[in-house]
Amino acid sequence: MNIQEVLTIKVKEAIQELFSAELPNVEFQPTRKDFNGDITVVVFPMLRVVKGNPVQIGTQIGEYLKKEVPEVADFNVVKGFLNLVIADAFYINFFNSIKEEAHFGYAKKDSKEAVMVEYSSPNTNKPLHLGHIRNNLLGYSVAEILKAAGKKVYKTQIINDRGIHICKSMLAWQRFGNGETPESTGLKGDKLVGNYYVAFDKAYKAEVAELVTNGTAKEVAEKEAPILVAAQDMLRKWEAGDAEVVSLWKTMNQWVYTGFEVTYKNMGVDFDQLYYESNTYLLGKDVVTDGLEKGVFFKKEDGSVWIDLTDEGLDEKIVLRSDGTAVYMTQDIGTAIQRVKDYADVSGMVYTVGNEQDYHFKVLFLILKKLGFSWAENLFHLSYGMVDLPSGKMKSREGTVVDADDLMEDMAQTAAKISEELGKLEDYSSEEKDKLYRMIGMGALKYYILKVDPKKRILFNPEESVDFQGNTGPFIQYTYARIQSILRKAESTGVHVSTAVSVDIDLHEKEKELLKQVQIFPDTIQLAAENYSPAVIANYTYDLVKEFNSFYQNVSILGEQDEQKKIFRVQLSSKVSKVIQDAFSLLGVEVPERM
RNA sequence: GGUCGCAUAGCUCAGCUGGAUAGAGCAUCUGCCUUCUAAGCAGACGGUCGGAGGUUCGAAUCCUCCUGCGAUCACCA
């Protein structure tokens, strides 16, 4: 039982005893730093049950608690706030009880229910860019957070490997490629293919311009440009299974996959299961037929099938074309159902997709609910804002993107530059340095992106590099490294960290603050999971680290004369570093032994 | 036009189910490396929480309206 639960019972008891009244619940908040105390009971809400002066009521409750609850060492009342001072022994007991836990704060895997988290889901016609980085980091992190909160998680992505955009790259390569391959050019496969996507757009625009010059209306020219018609023709051939087209498609997609693999590895993300749109794009049609019988959908005269969502404040949405072919929505319905077939324990899904698709997912979830799937109640669209540049939106086909690989490389180089200037790692080999610089660079980038609320759009200015000081990933990594340094030194000087600490020691104010911050880690993980928010973890970790640094600068650890206190401080530091490491692992950020 | 989202210090962001004098970082300015890593610490400066009403003992937080920005409303995906 934690202190709040104990106090809740005792406060209710006090109200019963002192005022013969029934208190429905007790409201707590951490005591503000400028007041004396650790936890505060808010008296105002009690006025509904107990009539009187809040200060007097608070004082009476305080006296009762001080007498009846050993953990309450003292109290004071300010206006309607009853500030309680919790005894040091309580914190020390808490610390001793969690000290040996491998992953303090992680919930036990209790639920048999699994969640499938989808993220990344790239198109195979171009390399990944900064927008994909946000998507990947969010999806990966939310998956890790859900795991830590006790859920079983499957990470997945649906690879958009077919469609007109793919054919555009293919066609441009056929026309302008001269048989180039990743091997012959030394280019990463996704980069090579992406170049042809850009080349297609260039050629297409030139053709449109030419048609317009010759008197064709712009709208007509945009539809009839020969290269576009050729791409559409290629898509039809692909759908018909044309051997030559399919072979080219396979070859070029493989180039892209090989390239993506490198990017994912550098980003530090992974997947448990892959879905390919080329396998799933025909799914969902039979479900529509079922739904039609059930009356969930209706058919229009031209044969197209729709759902009427006007009762929900939305409009009508098509689920099957008049020619009987599937649309985007049909596929997504089919794919969702397929996933539950593949993984029977899946009882919920998270879709990490940009906020321009808010409407689509709203509709998709509604349809699945109307079709009566129990798991449809647990669908969540992890919607995030766009990453824009000062020059505006990123557009792959116009080449105005911040490339994922380039950005990660830049981050590592910035980290290298700063590290070299500080010059603390002269004895590291170049391999060790390189590994460390990547870790720090990625730490900066990941933290920078994950610390902000997913809903907010990010304006990314490549000119102003991502920070390495203050509320940043490297700041937190640095603190971790610093603690490791202390631990190494402690070990070499023979401090016995396994010894239990006596409850009799007096806690320094900084130690107490640190313990309070450690204590809320489990709740923080649950909160982050409930809100699907890595930002909650990021901000928690920052607060913890700030607290530790303050402790570190104000209190001597290894220089402490009292052996008990010294051991306790080393143990506390060790535990804090473990929490930092675990919290950062939920963000997909690694921590270094030195930096 | 309808719907959804966002708006907090010069800049970038926190602020949990309504609670005390709204918090960090960056930038600017002061101090602190002969003691455990100064990517740090301690401090100063900086706010009509977009605007107006309302609910409440109490509103950045909840409700209504308005303004600004973004997204979306395809037999594209």
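Side chains included, hydrogens not; waters and symmetry mates left out as well; all remaining heavy atoms used. Since the structure is predicted, the reported quantities are computational estimates derived from the model, not experimental observations. A, B, ... follow the sequence lines: proteins, then strands. Residue 1 opens every chain.
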Touch check for [X], heavy atoms < 4.0 angstrom, all strands: base, sugar-phosphate only, or nothing?
X: A:Asn25; result: nothing
X: A:Phe44; result: base
X: A:Glu277; result: sugar-phosphate
X: A:Asn355; result: sugar-phosphate
X: A:Thr40; result: base
X: A:Phe35; result: base
X: A:Ser419; result: base
X: A:Leu314; result: nothing
X: A:Tyr328; result: base
X: A:Asp323; result: nothing

OP1 or OP2 of [N] sitting under 4.0 Å from any side-chain N/O of [X]?
X: A:Lys393; N: B:G70; result: no
X: A:Arg32; N: B:G23; result: yes
X: A:Arg457; N: B:C13; result: no
X: A:Asn549; N: B:G40; result: no
X: A:Lys168; N: B:C76; result: no
X: A:Lys451; N: B:G25; result: no
X: A:Lys79; N: B:U21; result: yes

Legend entry - Residues forming a side chain to side chain contact (heavy atoms under 4.5 Å, CB included) with A:Lys300, sequence neighbours excluded: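 For A:Lys300 the side chain to side chain contact (heavy atoms under 4.5 Å, CB included) partners, ignoring immediate neighbours, are A:Phe298, A:Asp302, A:Ser304, A:Trp306, A:Glu316.
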Inset, instruction - Name all residues meeting the side chain to side chain contact (heavy atoms under 4.5 Å, CB included) criterion together with A:Gln484; count only those two or more places apart in sequence or in a different chain, and write none if there are none. - result: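 Here the qualifying residues are A:Tyr480, A:Leu487, A:Arg488, A:Ser577, A:Glu593.
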Inset, instruction - May I ask you to decide if the ring planes of A:Tyr532 and A:Phe380 are parallel, tilted or perpendicular, using 30° and 60° as cut-offs? - result: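 Answer is parallel, since the angle falls under 30°.
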Legend entry - cation_pi(A:Arg162, A:Tyr281) dist<6.0 Å, angle<=45: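 Yes, A:Arg162 and A:Tyr281 form such a contact.
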Inset, instruction - Give RNA chain B the dot-bracket treatment, 5' to 3': Watson-Crick (N1-N3 with N6-O4 or O6-N4) or G-U (N1-O2, O6-N3) under 3.5 Å, [ ] crossing, | other strand. - result: (((((((..((((.....[...)))).(((((.......))))).....(((((..]....))))))))))))....
I want to verify a distance call: between [options], whose nearest atom is closest to the [X] side chain?
X: A:Asp315; options: B:C6, B:C73, B:U72; answer: B:C73
X: A:Pro45; options: B:A77, B:G25, B:G19; answer: B:G19
X: A:Phe81; options: B:A39, B:G19, B:A14; answer: B:G19
X: A:Arg48; options: B:C6, B:C76, B:C57; answer: B:C57
X: A:Asp467; options: B:C26, B:G19, B:G40; answer: B:C26
X: A:Ser550; options: B:C41, B:A77, B:A20; answer: B:C41

Starting at [atom1] of [X] and ending at [atom2] of [N], how long is that distance when rounded to a whole Å?
X: A:Lys417; N: B:A39; atom1: NZ; atom2: C1'; value: 13 Å
X: A:Asn539; N: B:C13; atom1: CG; atom2: C1'; value: 8 Å
X: A:Glu27; N: B:C16; atom1: CD; atom2: C1'; value: 12 Å
X: A:Phe361; N: B:A77; atom1: CZ; atom2: C1'; value: 11 Å

Legend entry - Test side chain to side chain donor-acceptor pair (under 3.5 Å) applied to A:Ser383 - qualifying residues, sequence neighbours left out: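 Here the qualifying residues are A:Asp358.
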For [X], give me all partners under salt bridge (charged side-chain N to carboxylate O under 4.0 Å, His left out), at least two apart in sequence or on another chain.
X: A:Arg457; value: A:Asp388
X: A:Glu312; value: A:Lys370
X: A:Glu222; value: A:Lys218

Legend entry - Side chain A:Thr472 and base B:A39 donor-acceptor under 3.5 Å: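 Between B:A39 and A:Thr472, which were checked side chain against base, a qualifying N/O pair under 3.5 Å is absent.
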Legend entry - Comparing A:Leu422 and A:Pro454 on RNA chain B - which has the more 5′ nearest nucleotide: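 Nearest-nucleotide comparison on RNA chain B picks A:Pro454.
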Legend entry - Contact nearer the 5' end of RNA chain B, comparing A:Ile164 with A:Val42: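 Nearest nucleotide further toward 5': that of A:Val42.
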Legend entry - Pairs involving residues 564-575 of chain A, ordered by first then second residue, that meet salt bridge (Lys or Arg N to Asp or Glu O under 4.0 Å) (sequence neighbours left out):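 Matches after skipping sequence neighbours: A:Glu511-A:Arg569, A:Glu560-A:Arg569.
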Legend entry - Pairs flagged by salt bridge (Lys or Arg N to Asp or Glu O under 4.0 Å) wherever residues 516-533 of chain A is involved - sequence neighbours left out: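 Pairs touching residues 516-533 of chain A that pass the test: A:Asp38-A:Lys516, A:Glu513-A:Lys516.
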Inset, instruction - Indicate whether any N or O donor in one side chain lies under 3.5 Å from an N or O acceptor in the other, for A:His360 and A:Asp332. - result: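 A:Asp332 and A:His360 do have a side-chain donor-acceptor pair below 3.5 Å.
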Inset, instruction - Would you tell me whether A:Asp467 and A:Thr472 have side-chain atoms, one donor and one acceptor, within less than 3.5 Å of each other? - result: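 Looking only at side-chain atoms, A:Thr472 and A:Asp467 do not form any donor-acceptor pair under 3.5 Å.
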Legend entry - Centroid separation A:Phe551 to A:Phe548 less than 6.0 Å: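 Centroid separation for A:Phe551 and A:Phe548: below 6.0 Å.
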Legend entry - Pairwise P distance, B:A60 and B:U17 [rounded to whole Å]: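 About 15 Å, rounded to a whole number of Å.
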Inset, instruction - With C1' as the reference atom in both, quote the distance from B:C41 to B:C57 in angstrom, rounded to an integer. - result: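 B:C41 and B:C57 have their C1' atoms separated by 41 Å.
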Legend entry - From CG (A:Asn554) to CG (A:Asn549), nearest 0.5 Å: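 Reported value, rounded in 0.5 Å steps: 10.5 Å.
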Please enumerate all protein N or O atoms sitting under 3.5 Å from an N or O of nucleotides 35-37 of chain B, with distances to 0.1 Å.
residue, atom, partner, partner atom, Å
B:C36, O3', A:Lys489, NZ, 3.1
B:C36, O2, A:Leu558, N, 3.0
B:C36, N3, A:Ile557, N, 3.0
B:C36, N4, A:Tyr552, O, 2.4
B:C36, N4, A:Val555, O, 2.6
B:U37, OP1, A:Ser485, OG, 2.7
B:U37, OP2, A:Ser485, OG, 3.2
B:U37, O2', A:Tyr478, OH, 2.1
B:U37, O2', A:Arg482, NE, 3.2
B:U37, O2, A:Lys424, NZ, 2.6
B:U37, O2, A:Met595, O, 3.4
B:U37, N3, A:Met595, O, 2.9
B:U37, O4, A:Met595, N, 3.2

Legend entry - Residues in contact with RNA chain B, drawn from residues 517-526 of chain A - heavy-atom cutoff 4.0 Å: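 None, since no heavy atom is under 4.0 Å.
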Legend entry - Sequence neighbours excluded - ring pair (Phe, Tyr, Trp, His ring centres under 6.0 Å) pairs with any residue from residues 27-56 of chain A: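 Residue pairs with at least one partner in residues 27-56 of chain A: A:Phe44-A:Phe81.
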Inset, instruction - Classify the glycosidic conformation of B:C49 as syn or anti, calling it syn when the angle lies within 90° of 0. - result: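 Anti, angle beyond 90° from zero.
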